[in-house]
Amino acid sequence: DPMGPVVLIIGAGISGLAAAQKLYKHGFKNLRILEATGRSGGRIRSQKYAKGLVEIGAQWIHGPSPSNPVFQLSTQYDLLSPEALSEENQLVELEGHPMFSVIYSSSGKQISTEIGENVVEMFSSWFQKSREFTKGGCNPEDSVGSFLRQEISCSYSNWDKDSLELKMALLNCLFKLECCISGTHSMDCVALGPYGEYKILPGLDCTFPRGYESLVSHIKASFPSDMVLLNKPVKTIHWKGSFHGSDSHMYPVQVECENGETFIADHVIITVPLGFLKEKATDLLSPPLPSYKLQAIQNLGFGTNNKILLEFEKPFWEPECYAIQLIWEGESPLTEPKTNLQQDWVKKIPGFVVLQPPEQLGHVLCAFIAGKESEFMESLSEDEILSTMTSLLRKCTGTPNLPPPISILRTRWHSEPYTCGSYSYVAVGSSGRDIDMLAQPLPEERECAKPLQVLFAGEATHRNFYSTTHGALLSGWREAERLIDQYPALHSVFSKSK
Ligand code: 6YU
């Protein structure tokens, strides 16, 4: 067929769209993307808020430098600011460690940034060390959390007694921040051995002046818009079958939507989030997924990281302040955390990012919160959260009459039925091998020389860049290439006609 084989892509997130983009460009014209929700973009989602746009999902390009394909594409599409494009920005190597700006403590005192910087420096060196076990040297049950605690235990006896408690509280705040970055409840859930397999690219993280979704729109514009079918939640993927097409051809795959509608295909690329797979994997395919794949889905981690955005009439922070950190006196990474969610959920927030630029957006603070406390927050009303956040800020800044925010917006990624959380991590009990197992196409090569029927893309299938938009993008391109390689003839027909 000069139109090429029939390919269905499940999910219109960046991985699905990237796969479609590459396939279409290579002459695959029998392409459809089935998307469960009423919009494309998935976990890339920009929304109007305050006086401008904010990000509900992905916020930054992590490591914007030439080796990052999201940076490359965005540069090509002219979506980034001059600062983001500057050589200087591209060369910054922060190794993913955070910077402090203003630090408040739960007793309403501001903490000197000097102590803050000293703690960040120690933490960063332990953090670097935690990424050095990819070739062995630790036990399979070791976590990043247990390793960091061990490093702290070995060094704190030399610390100045007067600042000991404060430093522990600061370290505990950094643990909470790492939970947000890894999208996990506790760093005790994150496996130590594979931690360094995640690659940190150079470049100072940057945002999209016209929203992260501007990238999605540009990718979508590279193929016909009617290729994306919205509101088509896929229920079952029947494979290893033979289904009649409207032509005389027989197809091995049939995709069945929740409303009973069916689509036949030669190949299907599944890009649904790992969170959705954890909920639905046992019924999503018929015949079911092989057990090694179900095992990988179970083993890998998929946690929750949410945002709470607060808009203020006037800023209570200085113009040069880009982040506000909160520390709780008496907390320490060496003692058990609190477990009363109703009472203590808000203490899981490590702090706020000041969203930029205030001239266009207004005065907006963005808090991050990860784990069980984040999932609990999703069950509260916005009014309830707003009043809790107001009390929190009054307490920490020591300003009992601080005006409350004028509006609030919070995300609920765990409750999104087609996402079921935020992003993946390599959990204790799993390894990078599970990521590769998840990415493995079906049927398995050793089974037979049959053509591939079911392929897997998505953020969670990239061994070095999981949990990011560039990992998702690369996974979509990877699976597109896998199919392209199976149709050399189609490629040559296309090249000649070009
Ligand atoms: C990044 C960032 N970022 C914050 C928050 C979130 C994420 N990420 P999609 O889900 O997009 O698409 C799948 C589609 O499938 C979707 O549309 C579904 O509706 C659909 N679907 C599901 N079921 C279906 C069915 N049955 N039928 C049909 N369709 C179905 N990434 O680069 N920078 O700042 C952040 C952040 C709150 C939620 C992020 C960030 C993650 C990205 O958003 C995400 O990876 C991709 O968008 C996923 O694309 P996709 O196509 O795979 O899925 C050292 C070290 C440690 C390691 N970790 C450090 C990494 C740091 C990660 N940082 C994240 C931080 C933030 C703030």
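Atoms within a ligand are numbered from 1 in the order they appear, just like the ligands themselves.
Using modelled atom types and a 3.5 Å distance limit, the side chains of T134 and E197 yield no donor-acceptor pair. Side-chain contact, E35 with S40: no donor N or O sits under 3.5 Å from an acceptor N or O.
Sorted by first then second residue, the ring pair (Phe, Tyr, Trp, His ring centres under 6.0 Å) pairs that include residues 30-69, not counting sequence neighbours, are W60-F368. Pairs engaging residues 276-288 under the side chain to side chain donor-acceptor pair (under 3.5 Å) rule: none recorded [sequence neighbours left out].
Contact shell of ligand 1 (protein heavy atoms, cutoff 4.0 Å): I10, G11, A12, G13, I14, S15, L34, E35, A36, T37, G41, G42, R43, I44, I56, G57, A58, Q59, W60, H62, F127, R131, I181, Y195, Y198, I200, Y212, K232, P233, V234, T271, V272, P273, F276, N305, F368, W413, Y418, S422, Y423, G458, E459, S467, T468, T469, A472.
Listed by chain and residue number, F312 satisfy the ring pair (Phe, Tyr, Trp, His ring centres under 6.0 Å) test with W317 (two or more places apart in sequence, or in another chain).
For the side chain to side chain contact (heavy atoms under 4.5 Å, CB included) test with M187, the passing option among C179, S143, P333 is C179; the others fail.
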